[in-house]
Amino acid sequence: MNMEKISEFMDMEIYMHFNKYMPPFVILHYGSMRSLITIESIEAISGNVPNRQTKIAMGWVGLHQRELLELWERMLAGLKLSTVEPLKG
């Protein structure tokens with residue numbers, strides 16, 4: 001499965017990619033830096049994105065948690081992912 005971009009805001013890109021050894025997560029890209037954020041517990045579990053951007057992305061995950069979990073299920077079923085509304089402001 002390929003990594004798919006599901007949102008973009010404030011110079012950050014959010015991707016989803018399946019890994020059977022991990023709980024549902026998104027990948028935050030900020031420039032050349034990356035961080036993994038779990039969807040269910042909303043934790044940054046690895047990466048090197050600055051704290052400010054990570055916290056903003058974690059807030060976005062919290063706002064869209066249900067939708068992100070539904071996308072995770074779609075990805076597991078091999079279905080195309082839709083985009084998720086970016087943060088505004």
Side-chain angles (χ1 to χ4, degrees):
M1 289 184 200
N2 293 330
M3 190 162 45
E4 290 191 50
K5 187 192 304 188
I6 58 171
S7 197
E8 183 173 4
F9 51 89
M10 299 173 68
D11 296 325
M12 295 182 279
E13 297 177 335
I14 308 290
Y15 290 84
M16 193 170 273
H17 178 73
F18 176 67
N19 180 328
K20 68 181 178 181
Y21 303 107
M22 304 271 300
F25 68 94
V26 294
I27 304 164
L28 166 61
H29 288 210
Y30 182 67
S32 62
M33 296 170 276
R34 309 284 181 264
S35 288
L36 297 181
I37 300 172
T38 60
I39 298 169
E40 292 172 320
S41 60
I42 312 175
E43 294 178 88
I45 56 174
S46 69
N48 61 348
V49 173
N51 194 46
R52 180 177 184 274
Q53 284 77 17
T54 299
K55 293 221 180 274
I56 290 168
M58 289 169 67
W60 176 86
V61 170
L63 288 172
H64 298 284
Q65 189 175 37
R66 180 174 297 188
E67 185 178 0
L68 292 169
L69 289 170
E70 289 171 4
L71 279 181
W72 187 266
E73 292 302 318
R74 288 183 58 81
M75 184 177 58
L76 293 180
L79 301 172
K80 177 131 176 70
L81 301 183
S82 57
T83 58
V84 179
E85 184 177 341
L87 276 180
K88 295 195 171 32

Identify all side-chain donor-acceptor contacts of residues 56-70 below 3.5 Å with residues at least two apart in sequence or on another chain.
residue: Trp60; atom: NE1; partner: Glu85; partner atom: O; Å: 2.8
residue: His64; atom: ND1; partner: Glu67; partner atom: OE1; Å: 3.4
residue: His64; atom: NE2; partner: Glu85; partner atom: O; Å: 3.3
residue: Gln65; atom: NE2; partner: Ile39; partner atom: O; Å: 2.7
residue: Gln65; atom: NE2; partner: Glu40; partner atom: O; Å: 2.9

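- The line from CD1 of Ile14 to CE of Met12 is 6.5 Å long, rounded to the nearest 0.5 Å.
- Considering only heavy atoms from C-beta on, Met22 comes within 4.5 Å of Ile45 through its side chain.
- Leu71 places a side-chain heavy atom less than 4.5 Å from the side chain of Val84.
- In plain terms, the two heavy atoms of Arg74 and Lys80 that are nearest each other are NH2-O, 2.8 Å.
- Note that the CD1 atom of Ile42 and the NZ atom of Lys55 stand 12.0 Å from one another [nearest 0.5 Å].
- Taken from OH in Tyr15 to CG in Leu36, the straight-line distance is 14.0 Å, to the nearest 0.5 Å.
- Residues Glu13 and Glu8 meet the side-chain proximity criterion, which asks for heavy atoms closer than 4.5 Å.
- For the atom pair Phe18 CZ and Met3 CE, the distance stands at 15.5 Å (nearest 0.5 Å).
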Ignoring hydrogens and angles, write down the donor-acceptor pairs under 3.5 Å from the side chains of residues 23-35, residues two or more places apart or on other chains.
residue: His29; atom: ND1; partner: Arg34; partner atom: NE; Å: 3.2
residue: His29; atom: NE2; partner: Arg34; partner atom: NE; Å: 3.3
residue: Tyr30; atom: OH; partner: Gln53; partner atom: NE2; Å: 3.2
residue: Arg34; atom: NH1; partner: Gly31; partner atom: O; Å: 3.0
residue: Ser35; atom: OG; partner: Asn48; partner atom: N; Å: 3.4
residue: Ser35; atom: OG; partner: Val49; partner atom: N; Å: 3.2

